[in-house]
2 protein chains.
Amino acid sequence: MYKEPMGKYLSIAKRAHSMLLQKKLKQYNIGTGELYILIVLYKEDGICQQKICDHYRINKAAVGRAVHKLEKKHFITKKPDEKDRRKRILSLTEKARKMKPEFKNILRSAEKVLRKDLSDKEIETFLKVSKKISKNIHEVLDQN
Amino acid sequence: MYKEPMGKYLSIAKRAHSMLLQKKLKQYNIGTGELYILIVLYKEDGICQQKICDHYRINKAAVGRAVHKLEKKHFITKKPDEKDRRKRILSLTEKARKMKPEFKNILRSAEKVLRKDLSDKEIETFLKVSKKISKNIHEVLDQN
DNA sequence: ATTTTTTAGTTGACACCTCAACTATCATTG
DNA sequence: CAATGATAGTTGAGGTGTCAACTAAAAAAT
């Protein structure tokens with residue numbers, strides 16, 4: 001049953017992917033963490049940080065810091081939600097909205113690299129398994 | 001063609017996996033980076049750092065630092081290779097050898113969590129695709 | 001045989017993430 | 001309505017990784 005560890009190749013692939021994105025993003029003076037946040041906001045502007053945490057299953061501390069960087073670079077603004085003052089509403093600036101096609105394209109072109117010579121079936125299975133893995137793990141982690 | 005981004009779920013799964021390992025390793029006062037190095041040495045003791053870099057396609061700086069931690073914790077010793085004095089030969093200590101079953105088991109049990117409810121076919125495809133992704137990316141990264 | 005290039009490892013700067021502890025606000029409930 | 005608990009976000013400490021610049025040694029080239 002134990003051919004090769006999935007964990008190992010998961011790590012290797014993930015690092016490679018980050019390097020690829022990083023390289024493409026270098027000229028824009030923005031990191032992958034920041035890009036991911038912008039991408040969520042391109043889909044749904046005006047959400048709070050917690051929603052981004054949920055979207056990527058990422059820690060709120062990490063999101064908080066990336067958001068802060070984006071703010072400093074004038075890609076987003078942050079203001080308290082009047083209806084629930086614990087929340088901060090994140091909004092894209094004009095600068096960020098203008099960059100949308102470019103940033104989307106970076107992700108698309110990276111995705112194209114990943115998918116080279118892979119069949120739709122393989123990609124579909126990969127997506128399905130990746131999701132299942134995360135679910136399996138969090139079922140263990142979240143119990144207690 | 002563009003259903004969902006593989007990169008996204010790759011990241012999510014990878015983070016989950018790291019958290020799982022980290023949790024299991026906590027009681028041993030050792031991190032995932034260090035564990036990975038021990039695992040390679042369990043397969044082949046007495047290799048140099050570069051071999052570990054190749055094995056995981058990981059940066060030599062990262063390996064150097066993890067190795068240093070393992071040395072401080074007396075899991076490995078490091079001495080220059082007499083035949084090629086650029087290299088450092090890494091050797092497991094008695095302490096590390098004694099831990100082998102336990103550390104191997106941690107990886108095995110984590111792997112078991114990942115694989116829950118996945119078929120052999122799915123696992124095989126996942127492994128194949130992960131490798132292909134890395135290869136695809138490095139073909140782009142390594143050209144120039 | 002000397003110069004040049006490649007390889008192995010180290011170090012500093014920094015990106016990204018987690019965890020735990022903290023504040024502030026909202027929701028529950030006794 | 002006051003106490004208790006849950007939720008949103010921040011901060012400090014630390015793990016893991018990249019990149020680039022650096023030594024030192026070996027290999028290749030002129």
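A, B, ... follow the sequence lines: proteins, then strands. Residue 1 opens every chain. These numbers come from the heavy atoms of this one structure, side chains and all, not from hydrogens, waters or symmetry mates. What you see is a predicted model; the values in this text were computed from it and never measured.
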How long is the line joining [atom1] of [X] and [atom2] of [N], in whole Å?
{"X": "B:Leu25", "N": "D:dG14", "atom1": "CG", "atom2": "C1'", "value": "16 Å"}
{"X": "B:Asp54", "N": "C:dT7", "atom1": "CG", "atom2": "P", "value": "11 Å"}
{"X": "A:Leu21", "N": "C:dC17", "atom1": "CG", "atom2": "P", "value": "11 Å"}
{"X": "B:Gln50", "N": "C:dT7", "atom1": "CD", "atom2": "P", "value": "9 Å"}
{"X": "A:Ile52", "N": "C:dC17", "atom1": "CD1", "atom2": "P", "value": "12 Å"}
{"X": "A:His68", "N": "C:dA15", "atom1": "NE2", "atom2": "P", "value": "14 Å"}
{"X": "A:Leu35", "N": "C:dA15", "atom1": "CG", "atom2": "C1'", "value": "14 Å"}
{"X": "A:Ile37", "N": "D:dG9", "atom1": "CD1", "atom2": "C1'", "value": "13 Å"}

Electrostatic pair A:Glu34-A:Lys72, nearest N-O below 4.0 angstrom:
no

Presence of salt bridge, A:Asp84 and A:Arg86, under 4.0 angstrom
yes

Step through the shown structure and confirm whether more than 12 heavy atoms of other residues, nucleotides or ligands are within 6.0 Å of NZ on B:Lys135.
no

Working to the nearest 0.5 Å, report the span between CD1 of A:Ile76 and CZ of A:Arg88.
12.5 Å

Sorted by first residue and then second, give each salt bridge (Lys or Arg N to Asp or Glu O under 4.0 Å) pair with at least one member in residues 47-61 of chain B; sequence neighbours left out.
B:Glu44-B:Lys51

Output all residues satisfying ring pair (Phe, Tyr, Trp, His ring centres under 6.0 Å) with B:Tyr36, sequence neighbours left out; order by chain, then residue number.
B:Tyr56

For B:Tyr28, give me all partners under ring pair (Phe, Tyr, Trp, His ring centres under 6.0 Å), at least two apart in sequence or on another chain.
B:Phe103

At under 4.0 Å between heavy atoms, what does B:Cys53 touch on the DNA or RNA strands: base, sugar-phosphate, or nothing?
nothing

Side-chain polar contacts of residues 90-99 of chain A - donor-acceptor pairs under 3.5 angstrom, sequence neighbours left out - could you list them?
from: A:Thr93; atom 1: OG1; to: A:His74; atom 2: O; distance (Å): 2.8
from: A:Thr93; atom 1: OG1; to: A:Phe75; atom 2: O; distance (Å): 3.2
from: A:Thr93; atom 1: OG1; to: A:Lys95; atom 2: N; distance (Å): 3.4
from: A:Thr93; atom 1: OG1; to: A:Ala96; atom 2: N; distance (Å): 3.2
from: A:Glu94; atom 1: OE1; to: A:Arg97; atom 2: NH2; distance (Å): 3.0
from: A:Lys95; atom 1: NZ; to: A:Lys73; atom 2: O; distance (Å): 2.7
from: A:Arg97; atom 1: NH1; to: A:Leu92; atom 2: O; distance (Å): 3.1

Side chains of A:Lys132 and B:Glu122, heavy atoms from C-beta outward: is any pair under 4.5 Å?
no

Which ones in residues 71-91 of chain A lie close to DNA chain C, meaning a heavy atom under 4.0 Å from one of its atoms?
A:Asp84, A:Arg85, A:Arg86

Protein-nucleic acid N or O pairs under 3.5 Å, nucleotides 17-21 of chain D:
from: D:dT18; atom 1: OP1; to: A:Arg15; atom 2: NE; distance (Å): 3.4
from: D:dT18; atom 1: OP2; to: B:Asn59; atom 2: N; distance (Å): 2.7
from: D:dT18; atom 1: O4; to: B:Arg65; atom 2: NH1; distance (Å): 3.0
from: D:dA20; atom 1: OP1; to: A:Lys26; atom 2: NZ; distance (Å): 3.3

Taking only N and O in the side chain of B:Lys23, is any of them less than 4.0 Å away from OP1 or OP2 of C:dT18?
no

